[in-house]
Amino acid sequence: MFTARCILGTSAKYLTSLPAQRQQIKLQNRMSTSLRPLVEEAKGRGASMVFLPEAYDYIGSSREETLSLSESLTGDTISQYSQLARKLEVWLSLGGFHERGHNWESDRRIYNSHIIINDKGEIISVYRKSHLFDVELPEKGVSLKESAFTIPGPSLVSPVQTPIGKVGLGICYDLRFPELSLALQRQGADILTYPSAFTVATGAAHWEVLLRARAIETQCFVLAAAQVGRHHEKRSSYGHALAVDPWGEVLGDCGGEKPGMVLVEIDLEKVSSTRRNMPVQQHRRNTDFYQSLEKS
């Protein structure tokens, strides 16, 4: 039986509400002072891979601030996390990095990028969020339009071989599209990841049930690091970073009050036995069958 340890970490909210001060702090030190100790503690407790949430680098209070603080993959932020991974000899899932787009100089638009760094500090994979959160829920106080400054990713990326198994990459709103998780499962994923910054309203209603559904239908582990708490006057996040096993059982929950972490064991035999005992994928009909109503 192969087991490995990983960690879900919830990112801290900002320590200051003044945009000018926040920008100065971020330009001087792009690694959150609360994240480094969490990663170091995780490694000390035996973690071989650490998962950080969407927007682990920052959550801006305006479009202008979000864009001004963005960087390329060769910037200081990724460089610092690469150095940390190499120093600690731990793999990192950086769940949502504000990456400047390929035409940044002309269009000032960014990607929301999930980056995997190995224990040598090398970037192994980059997935750019496919489904952008453009939602108006006036009765819930939710109004966000991610596409105003973010470019949708062009494609999925193949699951990444890591010390804990083959990891399929998603980000936040991607969670609502089962086609993505099933595509990753078909390509060999043992583990699905959904680093997120769910709003409080949508998180309370849908977060756990969606994560458990994705785990059950794909028979994968699901690891979902999550932002928690109030970031600024316009934005708060639900929290509750979760780990779910292939049967849909919740293995760990970071809670919804403050930054934290949970250490979970990934036993790949659980994936194998769940799929063997209930061979859902073998019972699945071909694509034409599920599209037959569209052709009638």
Side-chain angles (χ1 to χ4, degrees), residues 11 14 16-32 35 52-83 85 92-117 121-136 142-158 160 168-177 179-180 183 193-199 227 231-235 237:
S11 177
Y14 284 121
T16 175
S17 60
L18 301 176
Q21 290 183 359
R22 185 185 302 126
Q23 183 169 350
Q24 183 179 16
I25 289 169
K26 287 295 176 183
L27 291 177
Q28 289 173 354
N29 180 11
R30 298 305 294 265
M31 182 180 291
S32 167
L35 285 180
L52 301 181
E54 182 182 30
Y56 69 93
D57 48 355
Y58 61 89
I59 292 182
S61 59
S62 67
R63 179 182 187 275
E64 293 71 25
E65 184 176 63
T66 298
L67 293 175
S68 69
L69 293 174
S70 66
E71 294 182 2
S72 71
L73 293 178
T74 58
D76 289 343
T77 299
I78 299 303
S79 175
Q80 289 185 36
Y81 280 94
S82 292
Q83 292 173 28
L92 297 178
S93 161
L94 305 180
F97 171 67
H98 296 83
E99 178 197 359
R100 292 186 174 181
H102 300 311
N103 299 315
W104 169 257
E105 295 302 327
S106 60
D107 66 11
R108 289 296 193 271
R109 289 167 67 78
I110 62 175
Y111 291 109
N112 187 344
S113 300
H114 186 169
I115 301 165
I116 301 297
I117 298 177
E122 302 164 336
I123 295 177
I124 297 301
S125 185
V126 179
Y127 164 70
R128 297 175 174 94
K129 187 177 181 182
S130 306
H131 304 94
L132 303 183
F133 190 71
D134 289 1
V135 175
E136 296 285 342
V142 176
S143 177
L144 290 168
K145 190 174 179 62
E146 192 174 15
S147 66
F149 51 84
T150 304
I151 309 164
S155 64
L156 302 181
V157 299
S158 297
V160 182
L169 307 183
I171 301 174
C172 199
Y173 192 50
D174 288 332
L175 174 60
R176 294 183 182 271
F177 300 89
E179 299 89 344
L180 182 148
T193 54
Y194 294 102
S196 298
F198 255 53
T199 68
Q227 290 278 356
H231 308 293
H232 47 70
E233 65 278 2
K234 299 178 183 178
R235 185 76 182 273
S237 292

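One side chain, Ser237 or His231, offers a donor N or O that lies under 3.5 Å from an acceptor on the other. With no hydrogens or angles considered, a side-chain donor-acceptor pair links Glu99 and Ser113 at under 3.5 Å. If you check the side chains of Arg100 and Ser72, you find no donor sitting under 3.5 Å from an acceptor. In this model, no donor atom of one side chain and acceptor atom of the other lie less than 3.5 Å apart for Thr77 and Asp57.
If you take CZ on Arg109 and CG on Leu67, they are separated by 9.0 Å, rounding to the nearest 0.5 Å. The distance from the CG atom of Leu169 to the NZ atom of Lys129 is 14.0 Å, given to the nearest 0.5 Å. Separation of atoms CZ (Arg108) and OG (Ser70) is listed at 8.5 Å; rounding is to 0.5 Å. Remark: Asp76 CG to Tyr81 OH distance equals 12.5 Å, nearest 0.5 Å. Expressed to the nearest 0.5 Å, how far CD1 of Ile115 lies from CG of Leu73 amounts to 5.0 Å.
Here the closest heavy-atom approach between residue His232 and residue Ser61 is recorded as NE2-CA, 3.4 Å. Across all non-hydrogen atoms, the minimal contact from Ala85 to Ile117 is CB-CG2, 3.8 Å. Shortest non-hydrogen contact noted between Ser196 and Pro53 is O-CB, 3.7 Å. Between Leu180 and Tyr194, the shortest heavy-atom distance links the atoms CD2-OH, 4.2 Å. Minimum interatomic distance between Tyr58 and His98 (heavy atoms only, all atoms of both residues): O-CE1, 2.9 Å. Pairing each heavy atom of Glu65 with each of Ser68, the nearest pair is O-OG, 3.0 Å.
A donor-acceptor pair under 3.5 Å is absent between the side-chain atoms of Arg128 and the main chain of Asn112, judged by distance alone. Checking side-chain atoms of Ser82 against main-chain N and O of Ile78 turns up a donor-acceptor pair under 3.5 Å. In this structure, the side chain of Glu54 does not engage the main chain of Ile171 through any donor-acceptor pair within 3.5 Å. With hydrogens and angles disregarded, a donor-acceptor distance shorter than 3.5 Å links the side chain of His114 to the backbone of Gly170. In this structure, Thr193 contributes its side chain and Gly168 its backbone to a donor-acceptor pair below 3.5 Å. With Tyr56 contributing its side chain and Gly96 its backbone, the two residues share no donor-acceptor pair below 3.5 Å.
Counting heavy atoms from C-beta on, the side chains of Ile110 and Thr66 come closer than 4.5 Å. Counting heavy atoms from C-beta on, the side chains of Asp174 and Tyr127 come closer than 4.5 Å. Looking at heavy atoms from C-beta onward, Leu94 lies in side-chain contact with Leu52 at the 4.5 angstrom threshold.
Ring-plane geometry between His131 and Phe177 is classed as parallel, the angle between the planes falling under 30 degrees on a 0 to 90 degree scale with a further cut at 60.
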Exercise for review: Could you go through the side chain to side chain contact (heavy atoms under 4.5 Å, CB included) check for Thr199 and Val135 one step at a time?
Suggested key: CA-CA 11 Å; Thr199 68; Val135 175; over 6 Å; no
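Qualifying ring-ring contact (aromatic ring centres under 6.0 Å, His included) partners for Tyr111, counting only residues two or more places apart in sequence or in other chains: His102.
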